[in-house]
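The structure under discussion appears below in the form of structure tokens.
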4 protein chains.
Amino acid sequence: MARRAGTTGAETAEKVRKAALELFARSGYAAVSMRAIAAETGVQAGAIYNHFPTKQDLLNELLRVHMETLLSAWEEVEVPGLAPPEALEHFVRFHIRYHLDRSREVFISYMELRSLEDENFSAIEVLRRDYEKVPRAILERGAADGSFAIIDPQITTMAIIAMLTGMTTWYRENGRLSLDEIEAVYVRLVARLVGQKEED
Amino acid sequence: MARRAGTTGAETAEKVRKAALELFARSGYAAVSMRAIAAETGVQAGAIYNHFPTKQDLLNELLRVHMETLLSAWEEVEVPGLAPPEALEHFVRFHIRYHLDRSREVFISYMELRSLEDENFSAIEVLRRDYEKVPRAILERGAADGSFAIIDPQITTMAIIAMLTGMTTWYRENGRLSLDEIEAVYVRLVARLVGQKEED
Amino acid sequence: MARRAGTTGAETAEKVRKAALELFARSGYAAVSMRAIAAETGVQAGAIYNHFPTKQDLLNELLRVHMETLLSAWEEVEVPGLAPPEALEHFVRFHIRYHLDRSREVFISYMELRSLEDENFSAIEVLRRDYEKVPRAILERGAADGSFAIIDPQITTMAIIAMLTGMTTWYRENGRLSLDEIEAVYVRLVARLVGQKEED
Amino acid sequence: MARRAGTTGAETAEKVRKAALELFARSGYAAVSMRAIAAETGVQAGAIYNHFPTKQDLLNELLRVHMETLLSAWEEVEVPGLAPPEALEHFVRFHIRYHLDRSREVFISYMELRSLEDENFSAIEVLRRDYEKVPRAILERGAADGSFAIIDPQITTMAIIAMLTGMTTWYRENGRLSLDEIEAVYVRLVARLVGQKEED
DNA sequence: GATGAATGAGACTTCATTCAT
DNA sequence: CATGAATGAAGTCTCATTCAT
């Protein structure tokens, strides 16, 4: 049968992306079939191939777009002249907010890297490294100007990212603390990690 | 054909466990076939079913045994009377050493929880919670006796675990720092997170 | 590859039904593989699943449709006002003709009931009972109006059905007697079973 | 492990026969696995092969022994000089009693003939034909001496056997009629089929 | 004579993908 | 652009059978 009235190809592609994101996050790339994505989208499996050449391309696009969006979102909110302590706080708040809003993208970005074929994997890895350079640079500036007392910049960077990203595994919207409170806690924890003096 | 001379069932079962661990860690549970595990083990796929009723049982056993072993390993090295700062350092060193030795078990314990069927999932979750209680209890003791200045016990606990476990994703045996050095860095980072005074 | 030009799904489904009927009758449900049905149909095994969800559903549909068709075929030829002796003769001729035309359906309807899962089994049983009510009712009418001298209505009903249906196990198209002759013999045998007076 | 104390090979072989009979009757030859038979027997599948070379041999032995036993049981009770009416009644009573006692053997003798490989099938067919000759001979004697008014000897023979054997499909031990009563009904039905005068 | 472990084939079913319509 | 039907490969698991112990 032909396309139903009132739908456009772009709409379908977007619905496929949403469905795939949801399902990959819930069950993992390998465990999700094109038929399952199609069912969630409301089309037959064959229709997906009008928009994405292969299942692998679908995953790759999700991850690539996520990383690109993350990077450009940071570029948009970044405040260039900020002193390291304020810059780090700014980054922490950005990272938490952004990652909670896209918890499924974040999740599959960590989980499904290994499902990418080599070439795709490498491209995503580059983007990931780029993002890791953001806190790393702040740490190094802070170490240089004496506002931080960094133990080891590389490990501290990874520790910060792991700590912040780990939040997506336990955060629930109606938990004990509000998002603002959690953010505040993490800002202070990160400050401690980099050896800032407590200001309260 | 029957069993080849000189082999035993227990050996095969162990080889299957090893192969499955390796492959699940590398490619993920859903992406690994029983045939692939069998090939790595050196038997036909059907032979696995003499030792494990289903693929799910195989995963479940790996995860269950890992968590049980982790818990009993801790119980064995735990030093009951230790003051909170020393207890925390002890835990950090234990966790790092143990997790690096079993990086694949750790990896699939985090990655493949979602591949467990409901009942199996619940059982493993209980064990995971049990393990999280270990640092949590130390933090609370330290908060009570004033040796720590904890910002938020729950978040700090999760942050410590995420930070430490994240190491398995980037640690390489011949990297810039030795394991001893890395351990020392993490001990200090954790000390900062819980608000201990720097002792150096 | 996709569908070959000039074929339709309905055709394939029908070919699958035919092949399954043939093979189930010859070798039994459990001894026939989906691959064998597919080979007889001229498609790959997977293609069957576009038309029948499971092998069990395929069997179930064959049996259900057979029983429904049998019942509605009877309803179509039934002559309501007929006196019991003529009604019984009418039924005997119908049963023989119908069952010889569909000897494979009849065969698997008796043989493969036990291969049906519980729910499917119950549904088919209901239809079978409905069909058995047809001769039973004629017998009872004939007993009531004195045209028959029934020994025991239930046993006689079962005896008639067993006797008639048993014919499918030995009937061969080019045997000693023509179908018309066989029919005539059975009409007289049934007349004897119900205690009609011989009219010749 | 070796044989458990107190069991003998002959016992196991007999238990295997019983289990196979039971399971073949319930689910059909093709649907029953050697493992299932072994489980019902209380041994491992491999042990069956100490007593029966293949699954096919097991089926074949069950059918062959059944037919041989049936034939020799008849030979034992047969009363040579009996007049046709009494001989037929004698046969009917024998057939019913014998078949109800061995309903599973009877059932698989009809159902699983097609599961026999060619050579085995032919051998069993010979025995079946031998048994069918028994009523056939009585009918012919009765036709010759005028005590029966047979419509068609072959069809009547098959009708009698189908009718009698069909009973195993609906007979229940605690049904409406006792076995004696059922027997009496069938004796009279058969007498009608062969055109004897009603004697009551 | 029995066990337990193995093989190699094959069971049902699902999969990613293709393509006529 | 979507459907529905197909392929060919592969998935998990079971099977009859064999054989070292």
Side-chain angles (χ1 to χ4, degrees), chain A residues 1-4 7-13 30 32-38 42-51 53-56, chain B residues 1-13 30-38 42-56, chain C residues 1-13 30-38 42-51 53-56, chain D residues 1-4 7-13 30 32-38 41-51 53-56:
Chain A
M1 217 174 304
R3 180 175 66 218
R4 274 159 309 170
T7 59
T8 74
E11 273 174 33
T12 297
V32 172
S33 72
M34 292 299 261
R35 275 168 178 69
I37 297 169
V43 297
Q44 294 295 314
I48 297 181
Y49 290 84
N50 289 320
H51 306 283
T54 68
K55 187 185 173 192
Q56 170 74 201
Chain B
M1 220 168 304
R3 182 173 66 226
R4 275 158 309 177
T7 61
T8 74
E11 272 172 33
T12 299
V32 172
S33 73
M34 292 300 261
R35 277 202 231 307
I37 297 170
V43 296
Q44 294 294 315
I48 296 180
Y49 291 85
N50 288 322
H51 306 283
F52 302 91
T54 67
K55 188 186 174 190
Q56 169 76 197
Chain C
M1 222 169 304
R3 181 174 68 228
R4 276 158 310 174
T7 60
T8 75
E11 273 172 33
T12 299
V32 172
S33 72
M34 293 298 262
R35 276 203 231 306
I37 298 169
V43 296
Q44 293 294 314
I48 297 180
Y49 290 84
N50 288 322
H51 307 282
T54 67
K55 188 185 174 192
Q56 171 74 200
Chain D
M1 219 173 304
R3 183 175 65 219
R4 276 159 310 172
T7 60
T8 74
E11 274 175 31
T12 297
V32 172
S33 71
M34 292 298 261
R35 275 168 179 70
I37 298 170
T41 305
V43 297
Q44 294 295 314
I48 297 180
Y49 290 84
N50 289 322
H51 306 283
T54 68
K55 187 185 172 190
Q56 170 74 200

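Side chains are part of it too, since the values below use all heavy atoms of this structure and drop only hydrogens, waters and symmetry mates. Predicted model, so just to flag it, every value in this text is computed and none were measured.
The two residues A/Ala13 and A/His51 come nearest to each other via the heavy atoms CB-ND1, 3.8 Å. The heavy-atom pair separating D/Val32 from D/Ile37 by the smallest distance is CG1-CG1, 3.6 Å. Among all heavy-atom pairs drawn from D/Ala30 and C/Ala30, the shortest one is CB-CB, 3.7 Å.
Taking atom CD of residue C/Glu11 and atom P of nucleotide E/dA20, one finds them 17 Å apart after rounding to whole Å. Rounded to a whole Å, the CD1 atom of A/Ile48 is 13 Å from the P atom of E/dT18. The CD1 atom of B/Ile37 sits 10 Å away from the P atom of F/dC13 (whole-angstrom rounding). Following rounding to the nearest Å, C/Tyr49 (OH) and F/dA5 (P) show an atom-to-atom distance of 17 Å. Put simply, CD on C/Gln56 is 15 Å from C1' on E/dA11, counting in whole angstrom units. Protein atom CG of B/Asn50 is 15 Å distant from nucleotide atom P of E/dT3, rounded to whole Å.
Distances shown here put every side-chain N or O of B/Gln44 at or beyond 4.0 Å from the OP1 or OP2 atom of E/dA6. OP1 or OP2 of F/dG11 has at least one side-chain nitrogen or oxygen of B/Ser33 nearer than 4.0 Å. Contact check, A/His51 against F/dA2: a side-chain N or O comes under 4.0 Å of OP1 or OP2.
Distances from the side chain of B/Thr54 to the nucleotides E/dT3, E/dT7, F/dC13 place F/dC13 closest. Minimum atom distance to the side chain of D/Ala47 is reached by E/dT3, of the listed F/dA5, F/dC13, E/dT3. Checked against F/dT7, F/dT17, E/dT17, the side chain of A/Lys55 finds its nearest nucleotide in E/dT17.
Side chain B/Arg35 to base F/dA10: no donor-acceptor pair is found below 3.5 Å.
In secondary-structure terms, DNA chain F builds stems of at least 3 consecutive Watson-Crick or G-U pairs, each pair having both distances under 3.5 Å, at E:2-21 with F:2-21.
For D/Thr54, the side-chain hydrogen bond (donor to acceptor under 3.5 Å, both in side chains) criterion is met by D/Asp57, not counting sequence neighbours. Applying the side-chain contact (heavy atoms from CB on, under 4.5 Å) rule to C/Gln44 yields no partners; only residues at least two apart in sequence or on another chain are considered.
Sequence order on DNA chain F of the closest nucleotides to A/Gly46 and C/Ala13 puts A/Gly46 first from the 5' end.
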